[in-house]
Amino acid sequence: MKPDLQKICPDCFSESMKGGKCSRCGYERAPEKMNNLQLPQFFVLYDRYILGKVIGSGGFGITYKAYDMLNNTLCAVKEFVPLGISARYMDGVTLQPSAKTHQDDFEHGKKRFLEEAEILKKLSSIPEVVRITDYFSENNTVYFVMEFLSGVTLKRMVQAMGGRIPAAEAISLTVSIARALEQVHRRAGIFHRDISPENIMMTADGKIKIIDFGSAKYLTSEKSQTLSVVLKPGFAPPEQYSSSGKQGSYTDVYALAGTFYYMVSGVMIPEAPDRLSGAGYTSLKDLNLGISPGISDGVDRALDLNYRRRTQTAARFAAELAGKEPSKEEKNLRKEKAVLTGCYFHGKKRQWELPPGRTLRVGRSRNHSEIILENDTRISKLHFEIRYQDHAFYIRDRSTNGVYVGKRRLEKNRVYRIQNGDTFAFGNQIYEFRVRVI
């Protein structure tokens, strides 16, 4: 039997609303809307779902707390409502493109929205993934119904705990998330592409749930991998900043490592483009947070800017957080050494090792430099600085006569990123140096 819609609370759905306030949960009806396109409270969808308050509103959809009259349970209903390109008809219900020029985008969006529902359906057997129970088309748009999750996101959890989650608890949570992601990757062949503290929930009964698969993609596809640029700054790796960037399970690994770093430190790592330009972050082992060097190094490997060198699977990342040693193959993969080789035009050659993450000064003066070159006045006392970090080299000219890559003189005091094998010249181009990994 349908409840009396005039008496039900749009939050707890008990028939206890009196004078605009729920006597059971204390909810007070407010006239303002989170989104001016949302459907009215108590609107009934599919002759089954009574919509309550809005619990989420973004660029592509509105999520309502709802009541399933068939099963007598709470649920969440997500409606496809793309902001900026859609509007309601005069009836206030039916959705339409806001202009003819938006028709194709509107229809494509509906298709992608249904794809998200189908993806979640494939993942219904994984307990850590929000479970979808129904999806349908109505009002010229599409909806899907999910289990209602009572709890908080990891972002809110971090805030509630004073800005950081204790290391042991954060490790345990992240291992659970990583193992769930491994199932998503292997069993469903899907990667999430939007892992962040906002898309992971801790339920009221202490369970972890991964939510919002709206950006998810299949790991293998007959089509070339041209992907929309969808990212959260501070959690997205470099490959997500390009529609042609090669993405995969390792993309989620980077985002999860960034999420873990945020959980235990309360700080986000720099955005990937900034890191590519030389911005660094402090390894967890150096922050006095109770993180062991082994786990800290594992996080650093998962945050590698080069996806080929990055920890490739969520299972491997979970193992490293749990303190398990990497395989022999993985250890051998890490036995690399970055070097700076001096190729003097008059025949002499020298080579110096570049410790990862350490900036070395190069010049002719022992008082100004760690790497000492010949006592040649064409070389400045401090000629340039060089650093090897995240499998890339960074150089900054500090000289009078300049540093040249090809025929181009580098701007003084500006940091440039150079690649493995690149060469540069200085000292009136009498000296040529090369950086490489051996």
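Since we're looking at a predicted model, the values are computed, not measured. Side chains are part of it too, since the values below use all heavy atoms of this structure and drop only hydrogens, waters and symmetry mates.
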* Provide the closest heavy-atom pair for Phe13 versus Pro10 in the form atom of the first, atom of the second, distance. => CE1-O, 3.7 Å
* Asked: For the atom pair CH2 (Trp352) and CD (Glu370), what is the distance rounded to the nearest 0.5 Å?
  -> 13.0 Å
* Are Arg398 and Asn413 close enough that a side-chain donor and a side-chain acceptor fall under 3.5 Å? -> yes
What pairs of donor and acceptor atoms, side-chain ones from residues 124-140 against any protein atom, are under 3.5 angstrom apart with sequence neighbours left out?
| from | atom 1 | to | atom 2 | distance (Å) |
| --- | --- | --- | --- | --- |
| Ser124 | OG | Lys121 | O | 3.1 |
| Ser125 | OG | Arg187 | NH2 | 2.4 |
| Thr133 | OG1 | Val145 | O | 3.3 |
| Asp134 | OD2 | Tyr49 | OH | 2.7 |
| Glu138 | OE1 | Tyr46 | N | 3.0 |
| Glu138 | OE2 | Tyr46 | N | 3.3 |
| Asn139 | ND2 | Tyr143 | OH | 2.9 |
| Asn140 | ND2 | Leu95 | O | 2.7 |

* Hey, are Arg316 and Glu320 close enough for a salt bridge, meaning a charged N less than 4.0 Å from a carboxylate O? -> yes
* Asked: Step by step, would you call Val264 with Arg164 a side chain to side chain contact (heavy atoms under 4.5 Å, CB included)?
  -> CA-CA 5 Å; Val264 294; Arg164 293 200 300 263; 5.9 Å; no
* To do: May I have the step-by-step check of side chain to side chain contact (heavy atoms under 4.5 Å, CB included) for Val435 and Phe424, ending in yes or no?
  => CA-CA 9 Å; Val435 291; Phe424 56 93; 4.2 Å; yes
* **Distance-minimising heavy-atom pair for Ile208 and Met202** => CD1-CE, 4.1 Å
* Flag side-chain contact, heavy atom, 4.5 Å: Leu173 against Ser176 -> no
* **Distance flag, aromatic centroids of Phe80 and Phe106, threshold under 6.0 Å** => yes
* Go through Ile291 and Phe260 one step at a time and tell me if the side chain to side chain contact (heavy atoms under 4.5 Å, CB included) criterion holds. => CA-CA 11 Å; Ile291 301 294; Phe260 176 74; 4.1 Å; yes
* Asked: If you take all heavy atoms of Phe384 and Asp397, which pair is closest and at what distance?
  -> CB-CA, 4.2 Å
* Asked: If only atom types and distance count, is the side chain of Ser292 paired as donor or acceptor with the main-chain N or O of Ile295 below 3.5 Å?
  -> yes
* Asked: With a distance cut-off below 6.0 Å to the six-membered ring centre and an angular limit of 45° from the axis, does Arg414 pair with Tyr416 as a cation-pi contact?
  -> yes
* Side-chain heavy-atom pair Tyr67, Leu74 within 4.5 angstrom cut-off -> yes
* Asked: Within the side chain of Arg387, is there an N or O that forms a donor-acceptor pair under 3.5 Å with the backbone of Leu360?
  -> no
* Evaluate the criterion side chain to side chain contact (heavy atoms under 4.5 Å, CB included) for residue pair Val175 and Ser172; output intermediate values, then yes/no. => CA-CA 5 Å; Val175 167; Ser172 177; 6.0 Å; no
* **SB check Arg179 Glu182 (cutoff 4.0 Å)** => no
* Asked: Would you call the rings of Tyr250 and Tyr307 parallel, tilted or perpendicular, where under 30° means parallel and over 60° means perpendicular?
  -> parallel
* Quick one: do Glu147 and Lys209 satisfy salt bridge (charged side-chain N to carboxylate O under 4.0 Å, His left out)? Show the steps, please. => CA-CA 11 Å; Glu147 61 177 324; Lys209 290 283 185 178; 3.0 Å; yes
* Asked: Of the non-hydrogen atoms in Ala302 and Thr311, which two are nearest, and what is the gap between them?
  -> N-OG1, 3.5 Å
* What is the ring orientation for Tyr388 with Phe393, classed by angle as parallel under 30°, tilted 30 to 60°, or perpendicular over 60°? -> tilted
* Asked: Between Ile200 and Ile195, is any pair of side-chain heavy atoms under 4.5 Å apart?
  -> yes
* Check for a donor-acceptor pair, side chain of His192 on one end and backbone N or O of Val184 on the other, with a separation under 3.5 Å. => no
* Under 3.5 Å side-chain donor-acceptor pair for Asp274 and Ser277 -> no
* Exam field: side chain Asp68 to backbone Thr73, donor-acceptor pair closer than 3.5 Å -> no
* Asked: Salt bridge check: are Lys53 and Asp11 linked by an N-O gap of less than 4.0 Å?
  -> yes
* Side-chain contact test, heavy atoms from C-beta onward, threshold under 4.5 Å: evaluate it for Pro237 versus Leu305 and give yes or no. => no
* Asked: Is a salt bridge present between Glu385 and Arg396, judged by a nitrogen-to-oxygen distance below 4.0 Å?
  -> yes
* To do: Return the minimal non-hydrogen interatomic distance between Ile269 and Gly234, and the atom names on each side.
  => CG1-O, 3.4 Å
* To do: Return yes if some donor-acceptor pair links the side-chain N/O of Arg436 with the main-chain N/O of Asn420 below 3.5 Å, else return no.
  => no
* Asked: Heavy atoms, side chains only, cut-off 4.5 Å: are Pro238 and Pro273 in contact?
  -> no
* Could you grab the distance from atom CD of Glu198 to atom CG of Leu154, nearest 0.5 Å is fine? => 10.5 Å
* Could you give all pairs that pass the side chain to side chain donor-acceptor pair (under 3.5 Å) test and reach residues 251-260, with sequence neighbours left out? -> His185-Asp252, Glu239-Thr251, Tyr254-Arg275
* Structure fact -> Sorted by chain and number, sequence neighbours left out, ring-ring contact (aromatic ring centres under 6.0 Å, His included) with Tyr64 holds for none
* Asked: Of the non-hydrogen atoms in Ser296 and Lys285, which two are nearest, and what is the gap between them?
  -> OG-N, 3.0 Å
* Charged N to carboxylate O under 4.0 angstrom, Arg434 versus Asp422? -> no
* Asked: What is the distance from atom CZ of Phe433 to atom CD1 of Ile395, rounded to the nearest 0.5 Å?
  -> 10.0 Å
* Mind checking whether Phe42 and Ile8 have side chains closer than 4.5 Å, heavy atoms only? -> yes
